[in-house]
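Notes follow once the structure below has been shown.
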Amino acid sequence: MSEKAVHLPAINCQHCLNTIRRELSELEGVSEVSGDLEHKQVSIRFSEPASWDSIRQLLIEIGFPPEA
Ligand SMILES: [Cu+2]
């Protein structure tokens with residue numbers, strides 16, 4: 001089980017967080033997604049088969065690239 005907090009500068013409103021939460025929870029292995037609108041940050045708890053690489057790729061695809 002891993003947990004990662006990432007800064008997603010493209011987050012602007014609650015709707016963005018809802019989209020991120022919905023899309024990420026469809027990824028097998030992702031067990032929890034919590035968002036912080038004020039800091040444009042999302043915490044993701046995951047285990048295999050999900051990996052940080054697959055999560056990062058999905059975030060890029062849906063328009064919320066993690067800040068490097
Ligand atoms: Cu939004």
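All residue numbers refer to positions in the sequence shown, counting from 1. One-based numbering, in listed order, for ligands and for the atoms of each.
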Within 6.0 Å of CD in E28, more than 12 heavy atoms from elsewhere | no
What do the steps show when you test C16 against F64 for side-chain contact (heavy atoms from CB on, under 4.5 Å), and what is the final call?
-> CA-CA 9 Å; C16 296; F64 296 95; 3.7 Å; yes
Would you say the side chain of L37 lies within less than 4.5 Å of the side chain of Q14, judging by non-hydrogen atoms?
-> yes
Do D36 and V42 have side chains that get closer than 4.5 Å, going by heavy atoms?
-> no
Quiz: residues 54-63 side-chain donor-acceptor pairs under 3.5 angstrom, not counting sequence neighbours:
from, atom 1, to, atom 2, distance (Å)
S54, OG, S51, N, 3.0
S54, OG, S51, O, 2.9
S54, OG, S51, OG, 3.3

What's within reach of the Cu ion (ligand 1), meaning protein N/O/S atoms under 2.8 Å?
-> C13 SG, C16 SG
Determine the sole option in E67, Q41, H39, K40 for which the side chain to side chain donor-acceptor pair (under 3.5 Å) test with H7 is passed.
-> E67
